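Working notes, beginning with the structure itself.
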Amino acid sequence: MEKDFEVGLNMINLSGKEAIVTGAGSGIGRGICSVLALAGANVLVTDISGKGAEDTLKHCGYGDKFRARQMDVTNENSIDEIISEHIKDRKKIDILVNNAGIIGSEGWSNREIPNSQDWTEVYEVNVRGVVKVSERVSKEFQNQKRGKIINIASIAARQGSPDSPHYSTSKAAVVSWTQSHALQMAAYNVNVNAVCPGLIWTPIWESIARKRSQFGGSLETKGLEGKKLFDQTVKAWVPLQREQTPEDIGNMVAFLASDLAENITGQSINVDGGRFTN
Ligand SMILES: NC(=O)c1ccc[n+]([C@@H]2O[C@H](COP(=O)([O-])OP(=O)(O)OC[C@H]3O[C@@H](n4cnc5c(N)ncnc54)[C@H](O)[C@@H]3O)[C@@H](O)[C@H]2O)c1
């Protein structure tokens, strides 16, 4: 068994590939960058926070495999500048990972019901941001006649949520966009897939925990705080009884970005310890 696992790992080979990851200055994006580099890819680490992107470089320590740039996925000029600069320097893009996402606007955790600013900002980043970066990079992919796009959706797309309907709706839109974009890009030999992460302790979850400890949620979590509330949620919701990690998501991204997944497109794959089975 141990041997099969080693062979499987060796088969994901991204040597010489050029990857761009959005929202990679923190949490899951950082884990994705790390795994892609480990599999051999050169990675452009982008984030709305230039400091966050630089910190990922320091944190992961992959030397000249990583470059960092500030890029706001809601801003077409920012996207065009960074993608054009990348093409000039590196001549191609092989892999785009749309990871940037938010759970609400300023003060979201202190509101029981999301307000219209929450709906607007979450839609702009989580949905329009994915579409904007995808459309810009797809121009390059159409010329190259190959490419891989992996969108980070969420298990929130699988079931409505009483306290964050704006977020669940945005992630369901990412799943739907993934299907449409896969059909648009199939003629250009481009694969478009999504990963739906389960429960991962990052700043997004810290903010969910702040909200649920004040107002409760679909679980009896009122009164619990921070990581304790998160751990209780994992216990109640995850059949495998463990939280997921940024590297778990990175592993699925690396697989979808590799030649092993060349006949997979338009899919949204849960990495959630069995929370949702369809
Ligand atoms: N943590 C979880 O349990 C979980 C579960 C399912 C899905 N997700 C999704 O995974 C992705 C990463 O989330 P995370 O948990 O690592 O959160 P995070 O807050 O640690 O990371 C999100 C990153 O996106 C960046 N960002 C925000 N707005 C941006 C913009 N306009 N342009 C570019 N970058 C921007 C932030 O600066 C931050 O570095 C998100 O799409 C999130 O919805 C997270």
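Quick caveat, the model's predicted, so the values are computed rather than measured. Atoms within a ligand are numbered from 1 in the order they appear, just like the ligands themselves.
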Inset, instruction - Give the atoms of ligand 1, by number and element, whose distance to some non-hydrogen atom of W205 is under 4.0 Å. - result: 2 (C), 3 (O)
Legend entry - Distance-only donor-acceptor check, side chains N110 and Q214, under 3.5 Å: yes
Inset, instruction - Could you tell me whether ligand 1 has any atom less than 4.0 Å away from a heavy atom of T22? - result: no
Legend entry - Protein contact to atom 7 (C) of ligand 1 [nearest heavy atom, distance to 0.1 Å]: A153 O, 3.2 Å
Inset, instruction - State, without any angle test, whether S105 and R111 hold a side-chain donor-acceptor pair at a distance under 3.5 Å. - result: yes
Legend entry - I200 N/O to ligand 1 N/O under 3.5 Å: yes
Inset, instruction - Please report which non-hydrogen protein atom sits nearest to atom 19 (O) of ligand 1, along with the residue it belongs to and the distance in Å to one decimal place. - result: I204 CG1, 3.6 Å
Inset, instruction - Give a yes/no on ligand 1: does Q244 have at least one heavy atom closer than 4.0 angstrom to it? - result: no
Inset, instruction - Give the atoms of ligand 1, by number and element, whose distance to some non-hydrogen atom of G198 is under 4.0 Å. - result: 3 (O), 5 (C), 6 (C)
Inset, instruction - Return the minimal non-hydrogen interatomic distance between A153 and A194, and the atom names on each side. - result: CB-CB, 4.4 Å
Inset, instruction - Using a strict cut-off of 4.0 Å, indicate which atoms of ligand 1 neighbour a heavy atom of D72. - result: 30 (C), 31 (N), 32 (N)
Inset, instruction - Check each atom of ligand 1 against the heavy atoms of A100 and keep those under 4.0 Å away; list them by number with element. - result: 24 (O), 33 (C), 34 (N), 35 (C), 41 (O)
Inset, instruction - List every atom of ligand 1 that sits less than 4.0 Å from any heavy atom of Y167, numbering the atoms from 1 in the order shown and giving each element. - result: 7 (C), 8 (N), 9 (C), 42 (C), 43 (O)
Inset, instruction - Report yes if the side chains of I269 and V195 come closer than 4.5 Å at any heavy-atom pair, otherwise no. - result: no
Inset, instruction - Would you mind listing which atoms of ligand 1 come within a distance below 4.0 Å of any non-hydrogen atom of P203? - result: 19 (O), 20 (O)
Inset, instruction - Would you mind running through ligand 1 and noting each atom that sits below 4.0 Å from a heavy atom of I102? - result: 27 (C), 28 (N)
Inset, instruction - Identify, for atom 20 (O) of ligand 1, the protein heavy atom at the shortest distance, and state residue, atom and that distance. - result: S26 OG, 2.5 Å
Inset, instruction - Answer yes or no: is there an ion pair linking D55 with K58, defined by an N-O contact shorter than 4.0 Å? - result: yes
Inset, instruction - Could you tell me if any non-hydrogen atom of G31 lies under 4.0 Å from any atom of ligand 1? - result: no
Inset, instruction - Please write down residue, atom name and distance for the protein heavy atom closest to atom 14 (P) of ligand 1. - result: T202 OG1, 3.5 Å
Inset, instruction - Taking the side chain as every heavy atom from C-beta outward, state whether V253 and V35 have any atom pair closer than 4.5 Å. - result: no
Legend entry - Proximal candidate to atom 22 (C) of ligand 1 [heavy atom criterion; set G27, G101, A53]: G101
Inset, instruction - Answer yes or no: is there a donor N or O on one side and an acceptor on the other, between the side chain of T22 and the main chain of A100, under 3.5 Å? - result: yes
Inset, instruction - With the side chain counted from C-beta on, respond yes when C196 and F276 share a heavy-atom pair under 4.5 Å apart, and no when they do not. - result: no
Legend entry - For the student: nearest non-hydrogen atoms of S268 and V175, plus distance: OG-CG1, 3.6 Å
Inset, instruction - Just need the protein heavy atom nearest to atom 23 (C) of ligand 1, so name the residue and atom and give the distance. - result: G23 O, 3.4 Å
Inset, instruction - Taking only heavy atoms of P197 into account, list the atoms of ligand 1 that are under 4.0 Å away from them. - result: 5 (C), 6 (C), 7 (C)
Inset, instruction - Scan side-chain atoms only and decide if D47 and S49 contain a donor-acceptor pair under the 3.5 Å cut-off. - result: no
Legend entry - Nearest neighbour of atom 40 (C) of ligand 1 from the list T46, I48, I152, N99, on a heavy-atom basis: N99
Legend entry - Heavy-atom nearest neighbour in the protein, as seen from atom 4 (C) of ligand 1, with distance rounded to 0.1 Å: I28 CD1, 3.8 Å
Inset, instruction - Could you tell me whether E124 and K132 make a salt bridge, using a distance below 4.0 angstrom between a side-chain N and a carboxylate O? - result: yes
Legend entry - Member of E140, E18, E85 meeting the salt bridge (Lys or Arg N to Asp or Glu O under 4.0 Å) criterion with R90: E18
Legend entry - ligand 1 contact by E124, heavy-atom criterion under 4.0 angstrom: no
Legend entry - Nearest candidate to atom 38 (C) of ligand 1, where distance is taken over non-hydrogen atoms, out of N75, D47, N98, V73: D47
Inset, instruction - Find out whether K148 and E262 are in side-chain contact, i.e. whether some heavy atom of one side chain is under 4.5 Å from a heavy atom of the other. - result: yes
